[in-house]
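To find a chain, count down the sequence lines: A is the first, B the second, and so on, and within it residues start at 1.
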Number of protein chains: 2
Amino acid sequence: MRYCSDCGSLIKQKIPPNDNRLRYVCTSCNKIYYQNPKPIVGCLPEWQDRLLLCRRAIEPRLGLWTLPAGFMEEHETVQAGAARETWEEAGAKVEIKQLYTMFNLPYISQIYLLFRAQLLDPNVAPGTESLEVNFFQEQDIPWMDIAFPVIRETLWLYFRDKKQGAFKLHTGDIVRIPGALRRYRINL
Amino acid sequence: MRYCSDCGSLIKQKIPPNDNRLRYVCTSCNKIYYQNPKPIVGCLPEWQDRLLLCRRAIEPRLGLWTLPAGFMEEHETVQAGAARETWEEAGAKVEIKQLYTMFNLPYISQIYLLFRAQLLDPNVAPGTESLEVNFFQEQDIPWMDIAFPVIRETLWLYFRDKKQGAFKLHTGDIVRIPGALRRYRINL
């Protein structure tokens, strides 16, 4: 971040008055550019005893499986965003139900909000960001080919709760282990 | 948004390839500026049968009462953000407990995530953004002087759940009523 998007002047990092951390501030018009974590919204689409997963057609983790999820857009609700992502990535219409997992990913400033959802029609089709979409029972889940730890953990909790007959909200943190490639600690 | 913060060139709105909505895009380096809703995190600090509220020293709604809450910062968890805001606005140390309300405010692209919390020490003091802080039992809550509908609704749900002896997560939307100043519909 080098130039002010309002006036085009140079930006410097400084601590504004009454603040306690470094911000990007315009040296000319003094506009402050706050940075905030981004919500990622998605769902676990249920059809009978199966879940709908998508195989990623884009980086990162191209070719691996995930739940439909993506960045929330301006002026939508988390539930509307979760349903929109499911439509865009899997051509699937869902009814969003309760919030199921909320995971912090502080190392990349993301919050995942994943909902249970009822698929309304089993006719689904991969969107431009998916290579294929498919339904999985627990024993068929491609555990070694799940794209992200937050998705693997959510699936794992889901099938455990399902066996126990009660779904409850789970919250936790995904913490990157320093110096290790793609290794994470999960705190529930 | 007029200038690219990376290269200083002009920004135009256009729909990028494989996208379906207008984005701010640099006319020179093609950087895309995505806009995302912002999480606001806070808590209901409990001390015996009372809740801690803050009276706002800043706009908007200066002079009115609210729960400690604010914009989440980069690289923190929602729970850490809720505890930080409570410390900054009320000088109060809390242990964050379960997520209690999640409200969408799509007209301003905000998501409120408010937690129940246990106050660890009743010695509290207003921070720079608060005129005063105080403890309230239900009958003393200044219902007509609560700063925001999302806070009033959360407090109302809290005392109703408390009476019924069971707190559960509530999710909903705060929708601005068009043409009316400060009038909102609440969908739970």
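Linking ILVMFWY side-chain heavy atoms closer than 4.5 Å, directly or via other members, places A/V133 and A/W65 in two distinct hydrophobic clusters. With hydrophobic clusters built from ILVMFWY side chains whose heavy atoms lie under 4.5 angstrom apart, B/L10 does not share a cluster with A/I11. Residues A/M1 and B/I32 do not share a hydrophobic cluster, clusters being chains of Ile/Leu/Val/Met/Phe/Trp/Tyr side chains in contact below 4.5 Å. Put simply, A/W143 and A/Y184 are part of the same group of oily side chains (I, L, V, M, F, W, Y) that touch within less than 4.5 Å, one to the next. At a threshold of 4.5 Å between side-chain heavy atoms, the hydrophobic network of Ile, Leu, Val, Met, Phe, Trp and Tyr places B/L64 and B/V150 in two separate groups.
Residue A/T171 touches chain B through its side chain alone, counting heavy-atom pairs closer than 4.5 Å.
Contact count versus chain B (heavy atoms, under 4.5 Å) is highest, among A/K38, A/E76, A/R21, for A/R21. Contact count versus chain B (heavy atoms, under 4.5 Å) is highest, among A/S9, A/P37, A/G8, A/A80, for A/P37. When the candidates A/Y3, A/Y33, A/F71 are compared by the number of heavy-atom contacts under 4.5 Å with chain B, A/Y3 comes out ahead.
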Name every donor-acceptor pair, under 3.5 Å, that has one atom in a side chain of residues 99-107 of chain B and the other anywhere in the protein, sequence neighbours excluded.
unit_1, atom_1, unit_2, atom_2, d
B/Y100, OH, B/L157, O, 3.0
B/Y100, OH, B/Y158, N, 3.1
B/Y100, OH, B/D161, OD2, 2.8
B/T101, OG1, B/T154, OG1, 3.1
B/N104, OD1, A/V78, N, 2.9
B/N104, ND2, A/Q79, OE1, 2.9
B/N104, ND2, B/D173, OD1, 2.8

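Counting heavy atoms of neighbouring residues, nucleotides and ligands inside a 6.0 Å radius, atom NZ of B/K162 exceeds 12 of them. More than 12 heavy atoms of other residues, nucleotides or ligands shown are found within 6.0 angstrom of CG on A/D49.
Residues A/S5 and B/R2 are not in side-chain contact: their nearest non-hydrogen atoms beyond the backbone lie 4.5 Å or more apart. Counting only heavy atoms from C-beta outward, the side chains of B/L169 and A/Q98 never approach each other to under 4.5 Å.
Note: B/E73 CD to A/N36 CG = 7.0 Å, rounded to the nearest 0.5 Å.
Of residues 108-128 of chain B, those residues with a non-hydrogen atom less than 4.5 Å from any non-hydrogen atom of chain A are, in numerical order, B/S109, B/I111, B/L113, B/F115.
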